[in-house]
Colleague: 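This is the structure I have questions about; it appears just below.
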Number of protein chains: 2
Amino acid sequence: MAERASESEMQVLNALWDEAPLTATDLARRIGKANGWTLATVKTLIARLVQKGAVTAEADGRRYLYRPAVDRAEAMGEESQRFVDRLFGGRVSPMIAHLAEREALTDADIEEIEALLRRLKS
Amino acid sequence: MAERASESEMQVLNALWDEAPLTATDLARRIGKANGWTLATVKTLIARLVQKGAVTAEADGRRYLYRPAVDRAEAMGEESQRFVDRLFGGRVSPMIAHLAEREALTDADIEEIEALLRRLKS
DNA sequence: GTTGATTGACTACATTTGTAATCGAAGCAG
DNA sequence: CTGCTTCGATTACAAATGTAGTCAATCAAC
């Protein structure tokens with residue numbers, strides 16, 4: 001299952017879910033700048049993820065190609081569950097309500113969620 | 001604004017949002033058992049929250065009455081926002097989809113969310 | 001071939017977090 | 001009063017996390 005990734009580590013995982021394989025340098029280019037991380041920092045994060053078994057490293061010459069070793073949907077589902085449990089006692093609707101109140105939901109979001117729910121009910 | 005509370009600290013905050021004021025012993029009774037924390041641990045968490053300005057302490061004789069100093073809705077909204085940003089690039093519907101797939105949504109949840117959305121649209 | 005850039009491995013180190021023990025003051029039981 | 005009990009304050013300490021630096025090997029370019 002791999003231990004939980006920290007928030008920073010998640011950024012790396014997310015990048016790899018968007019596209020893999022990537023090298024350390026690729027990753028640094030993609031997420032380093034935005035987070036103000038140096039290449040060294042990104043490397044550390046990668047190393048920790050590999051150690052945790054959340055990312056695999058395939059040798060390619062003298063460097064490595066990294067790939068996510070955990071399923072994106074599953075990891076996200078687990079995280080979401082934990083989160084909703086923690087903040088809302090497991091109840092999703094209060095969370096949506098809060099997001100809505102903060103105007104974090106666009107009309108398009110609402111449409112999308114409604115469509116999703118319709119599908120769920122059938 | 002208060003710095004972010006850690007996960008454990010959130011448990012304390014949550015308890016205080018449910019009912020306040022409470023003493024350290026009260027809090028330990030409410031959340032200590034469930035989390036396997038001793039009174040000492042709970043006290044540490046409280047102290048850290050006070051230091052962060054997320055909880056206020058009002059002297060009452062030789063002990064203190066603790067109260068949340070941050071607004072529940074606001075804190076939850078912020079946390080939710082951060083979370084959704086982090087895991088889903090700010091998009092709520094994918095998150096709901098994931099929760100639904102994991103069967104984390106009951107029929108009642110779905111009903112409730114639909115009702116909520118109906119209200120939002122009007 | 002020698003030099004400069006690149007790469008992973010290893011090391012570093014402060015901060016935050018989880019989890020608690022200890023200690024001195026203050027209140028309570030008798 | 002006198003000893004137990006109860007508080008908050010202080011201190012402890014390991015693990016996780018954020019953020020990097022250093023180093024030796026290697027590859028690429030002259």
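Within every chain, numbering begins at 1; the chains are lettered A, B, ... in the order of the sequence lines, protein sequences first and strands thereafter.
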Colleague: Give the rounded distance in Å between these two atoms: CG of B:Leu27 and P of D:dG8.
Modeller: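 Going from B:Leu27 (CG) to D:dG8 (P), I get 10 Å.
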Colleague: Sugar-phosphate atoms are those with a prime plus P, OP1 and OP2; base atoms are the rest. Using that split, label each nucleotide of nucleotides 21-30 of chain D B, S or - for protein heavy atoms under 4.0 Å, 5' to 3'.
Modeller: B----BS---
Colleague: Which residue lies toward the 5' end of DNA chain D, A:Gly36 or A:Ala5, if each is placed at its nearest nucleotide?
Modeller: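 Taking each residue's closest nucleotide, the earlier one in sequence belongs to A:Ala5.
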Colleague: Quick check for you: among D:dC7, C:dT7, C:dT19, whose closest atom lies nearest to any side-chain atom of B:Arg48?
Modeller: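 Per side-chain heavy atoms of B:Arg48, the pick is C:dT19.
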Colleague: Rounded to the Å, how far apart are A:Glu9 CD and D:dA20 P?
Modeller: 15 Å
Colleague: For B:Glu74, which of B:Met76, B:Glu78, B:Arg72 qualifies under side chain to side chain contact (heavy atoms under 4.5 Å, CB included)?
Modeller: B:Glu78
Colleague: Can you sort out which residues in residues 12-26 of chain B have a heavy atom within less than 4.0 Å of DNA chain C? Ascending by number, please.
Modeller: none
Colleague: To the nearest Å, give me how far apart CD (A:Gln51) and P (D:dT17) are.
Modeller: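 Checked: the CD to P distance equals 12 Å.
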Colleague: Take the C1' atoms of the five end pairs on each side of the helix from C:dG1-D:dC30 to C:dG30-D:dC1, derive the two axes, and give their angle rounded to 10 degrees.
Modeller: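 Result, rounded to 10 degrees: 0°.
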Colleague: Within the 3.5 Å criterion, strictly below it, is a donor on B:Thr38 or B:Thr41 matched to an acceptor on the partner's side chain?
Modeller: yes
Colleague: Are the side chain of B:Glu112 and the backbone of B:Asp109 linked by a donor-acceptor contact shorter than 3.5 Å?
Modeller: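 The answer is no, because no donor-acceptor pair under 3.5 Å joins these two groups.
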Colleague: Under 3.5 Å, side chain of A:Asp18 to main-chain N/O of A:Ala15, donor-acceptor pair present?
Modeller: no
Colleague: For B:Gln11 and C:dT17, give me the distance from atom CD to atom C1', rounded to whole Å.
Modeller: 14 Å
Colleague: Round to the nearest Å and state the distance from B:Leu49 atom CG to C:dT16 atom P.
Modeller: 14 Å
Colleague: Evaluate the side-chain proximity of A:Val12 to A:Trp17: yes if any heavy-atom separation is below 4.5 Å, no if none is.
Modeller: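 In short, these two side chains do not touch, never coming nearer than 4.5 Å.
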Colleague: I'd like to check A:Ser93 versus A:Phe88 (side-chain heavy atoms, cut-off strictly below 4.5 Å). Are they in contact?
Modeller: no
Colleague: For the CZ atom of B:Arg118 and the CD1 atom of A:Ile110, what is their distance to the nearest 0.5 Å?
Modeller: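 Rounded to the nearest 0.5 Å, the CZ-CD1 separation comes out at 12.5 Å.
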Colleague: What is the separation between atom CZ on B:Arg63 and atom C1' on C:dA25, rounded to the nearest whole Å?
Modeller: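 In whole Å, C:dA25 C1' lies 16 Å from B:Arg63 CZ.
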Colleague: Report yes or no: does A:Asn14 contribute a side-chain atom to a donor-acceptor pair with the main-chain N or O of B:Arg86 at less than 3.5 Å?
Modeller: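 Yes: the side chain of A:Asn14 pairs with the backbone of B:Arg86.
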Colleague: Assess whether a salt bridge exists between A:Glu7 and B:Arg82, defined as any Lys/Arg side-chain N lying under 4.0 Å from an Asp/Glu carboxylate O.
Modeller: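 Yes.
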Colleague: Side-chain N or O of B:Tyr66 less than 4.0 angstrom from OP1 or OP2 on D:dG8?
Modeller: yes
Colleague: Looking only at heavy atoms, which two atoms of A:Leu39 and A:Ala24 are closest? And how far apart?
Modeller: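 Heavy atoms only, the tightest pair is CD1-O, 4.1 Å.
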Colleague: Does the A:Gln51 side chain pair with the main chain of A:Arg48, one donor and one acceptor, at a distance under 3.5 Å?
Modeller: no
Colleague: Using only side-chain N and O atoms of B:Ser8, determine if any of them is under 4.0 Å from OP1 or OP2 of C:dG18.
Modeller: yes
Colleague: In whole angstroms, how far is the C1' atom of C:dT22 from the CG atom of B:Leu39?
Modeller: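 Going from CG in B:Leu39 over to C1' in C:dT22 covers 13 Å.
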Colleague: Rounded to whole angstroms, how far apart are CG on A:Leu45 and C1' on D:dT17?
Modeller: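 These atoms are roughly 9 Å apart.
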Colleague: Does a salt bridge link B:Arg4 with B:Glu79, judged by any charged N lying under 4.0 Å from a carboxylate O?
Modeller: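 Looking at B:Glu79 together with B:Arg4, the answer is yes, because their closest N to O distance falls below 4.0 Å.
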Colleague: What contact category does B:Gly32 fall into here, base, sugar-phosphate, or nothing, at under 4.0 angstrom with non-hydrogen atoms?
Modeller: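 Since no nucleic acid heavy atom lies under 4.0 Å of B:Gly32, the category is nothing.
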